[in-house]
Structures are given as C-alpha cells and as structure tokens.
Amino acid sequence: QGTHLVPVQVRFPTNCELVSLNPKQVEVKLDQVVTQQVPVEVELVGEPKLGFNAHNPVFEPTEVLVTGASSLVGTVSKGIVNVSIDQLTSSVSGLLPVRLVDINGKTVEGLKVEPEIIDVFVPIMQSMPTKNVPVQLKQSGEPDHGYRIVNWVIEPSFIQVTGSVEYLKGLESISTKPISVAGATKDLVKDVDLDIPEGYNSVSSYKARVVIKIEPKVERKTISGIG
C-alpha cells in the first residue's frame with residue numbers, strides 16, 4: 001500500500017539486444033481492496049399526472065456492497081436509484097441500476113456493486129379530497145343531582161377525513177362514541193373512539209381524549225322584605 005518506484009524489466013527474444021531503456025523506473029500506487037456496505041435511496045424523477053399522487057417507494061435490497069480501492073470506496077455516501085414517474089397515472093415497478101454517489105451527489109465510478117440492480121415499486125394512486133371537521137361530544141346520562149357540566153375539552157378538536165366528494169359534502173362533524181356522565185360528581189377524563197360514518201377512505205385519528213368539567217350547581221335565591 002502506498003506509492004512505490006518499481007524498476008522496469010524488459011523481456012525480449014534472445015536474438016534481440018536492448019539498446020536503451022527509458023524510464024528505468026515507474027511510479028506505482030498500491031491501494032488496499034476493501035468492501036463496504038452502503039445504503040440505497042430511491043429518487044423519483046418528475047411528477048405524476050394532475051390528480052394522482054406518488055407514495056413512498058418500496059424496494060429491495062435497501063443496502064448494497066461496494067468493493068474496490070479503499071481510497072475510492074471511502075468517498076461513497078450511498079447508492080441512488082432513479083425512477084421516472086413523470087405524467088404517470090398508475091404504479092410503476094422494475095429492476096433498476098444502482099448509481100454510487102459521494103456526499104455531494106457526484107457519481108463515483110470504478111467500483112464493483114453487488115447487486116448492481118434492485119427491485120423497485122412506486123405506488124401511484126388517484127388523489128382523494130380531504131376535509132377538516134370538528135369533533136363533537138356525545139354524552140349519555142346526566143350528572144348527579146346538584147351537579148352540572150360546565151365545560152369540556154376534546155383533543156384533537158378537529159380531524160382530517162379523506163373520502164369521495166359526495167361523502168365529504170354531507171359530513172359536517174364527527175362525534176365521539178357516547179360517554180356516560182350518569183351520576184358524576186367530579187371531572188371525567190376519558191379516551192374514547194370516534195364514531196366515524198362508513199364511506200371514508202382514511203382519517204387522521206380514530207380516538208380522542210375528552211375532559212369533562214363537572215361542578216356543583218350554584219343556586220341563587222332572591223330574598224325580599226328584609227329590613
């Protein structure tokens with residue numbers, strides 16, 4: 001390993017005579033051959049057609065082995081696989097080559113990569129509209145005699161619902177599953193499921209935490225004729 005001056009040796013037939021030799025030495029740089037594992041990333045090129053979204057790519061393997069001179073291998077940051085999704089309306093898959101790059105994104109060549117190609121799948125789906133709707137409290141029963149509900153807090157207070165235009169058009173709010181306050185004399189803290197109507201595609205949350213503030217009723221009486 002390192003830089004060495006090596007004498008030049010010439011082999012020629014016995015009926016020939018060496019007149020001169022220039023240069024008599026050459027500089028040879030020796031480097032250790034190493035193997036290193038580097039991560040692979042998939043880069044999407046372009047954008048799907050309007051109204052479609054590309055989701056996170058799925059690929060295998062997620063790492064490759066790089067073999068070559070240690071000084072060159074040491075410059076490799078990762079392997080990149082480019083996938084064109086420009087104007088696509090459906091998912092794309094295939095076996096694609098791995099390109100090695102350094103920390104600045106510059107291509108590193110002259111190294112052996114195993115495997116040279118990886119299996120990539122990029123889901124592309126039609127976009128669905130979303131709507132933010134408030135979460136409302138649905139209670140059952142009443143607090144104990146002499147007590148009342150003065151306030152409540154729901155977290156999250158809004159959730160994002162994804163579904164068809166027709167479904168979202170008629171959706172104004174989402175209620176919690178019924179929370180019983182029957183006979184309560186103090187504050188309640190409940191983790192409760194949300195009562196989500198059928199027909200949605202996805203929601204940002206399926207549960208909510210509800211804090212219900214309960215206090216004694218304050219009775220006021222007007223007394224007249226005193227004094």
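Values below: every heavy atom of this structure, side chains too, minus hydrogens, waters and symmetry copies.
- Results of the side chain to side chain contact (heavy atoms under 4.5 Å, CB included) test with Pro57 over Val83, Val122, Val81 single out Val122 as the only residue that passes.
- Of the possible donor and acceptor atoms, one in the side chain of Thr75 sits under 3.5 Å from a partner among the backbone N and O of Leu72.
- Although no hydrogens or angles enter the test, the distance criterion places no donor-acceptor pair under 3.5 Å between the side chain of Asn104 and the main chain of Lys106.
- Around the CD atom of Glu116, the shell of radius 6.0 Å holds no more than 12 heavy atoms that belong to other residues, nucleotides or ligands.
- With rounding to the nearest 0.5 Å, the separation of CD1 in Ile214 from NZ in Lys186 is 10.5 Å.
- Taking a cutoff of 4.0 Å between a charged side-chain nitrogen and a carboxylate oxygen, Glu41 and Lys78 qualify as a salt bridge.
- The line from CZ of Phe59 to CG of Leu95 is 14.5 Å long, rounded to the nearest 0.5 Å.
- Of all the heavy atoms in Pro143 and Ile149, the pair that sits closest is CG-CG1, 3.9 Å.
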- Query: Can you list the steps and then say if Thr35 with Thr67 is a side-chain hydrogen bond (donor to acceptor under 3.5 Å, both in side chains)?
  - Reply: CA-CA 4 Å; Thr35 298; Thr67 302; 2.9 Å; yes
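- Here the side chain of Ser204 pairs a donor or acceptor atom with the backbone of Gln160 at under 3.5 angstrom.
- Minimum heavy-atom separation, Pro123 to Asn56: CD-O, 3.5 Å.
- For the pair Leu111/Val73, a side-chain contact is recorded, criterion being any heavy-atom separation below 4.5 Å from C-beta on.
- Here the OG atom belonging to Ser205 is positioned 9.0 Å from the CD atom belonging to Glu155, to the nearest 0.5 angstrom.
- Of all non-hydrogen atoms in Tyr167 and Val161, the two that sit nearest each other are CE2-CG1, 3.9 Å.
- Scanning all heavy atoms of the two residues, the minimum distance from Val38 to Val66 falls at CG2-CG2, 3.6 Å.
- Under a 3.5 Å cut-off, the side chain of Thr176 and the backbone N or O of Val192 do not form any donor-acceptor pair.
- Side-chain atoms of Lys131 come within 3.5 Å of backbone atoms of Leu168 as a donor-acceptor pair (strictly under, hydrogens ignored).
- One finds a salt bridge joining Asp195 and Lys177 here, because a Lys/Arg side-chain nitrogen approaches an Asp/Glu carboxylate oxygen to under 4.0 Å.
- Here the shortest heavy-atom pairing between Glu172 and Val133 reads O-CB, 3.9 Å.
- At least one donor-acceptor pair closer than 3.5 Å links the side chain of Asp102 to the backbone N or O of Gly105.
- What you find for Pro197 and Ile174 is that their closest heavy atoms are CD-CD1, 3.7 Å.
- Take Glu215 and apply the side chain to side chain contact (heavy atoms under 4.5 Å, CB included) test, not counting sequence neighbours, and it matches Val150, Lys213.
- Residue Val76 is tested with Val113, Val108, Val101 for a side chain to side chain contact (heavy atoms under 4.5 Å, CB included); the sole match is Val108.
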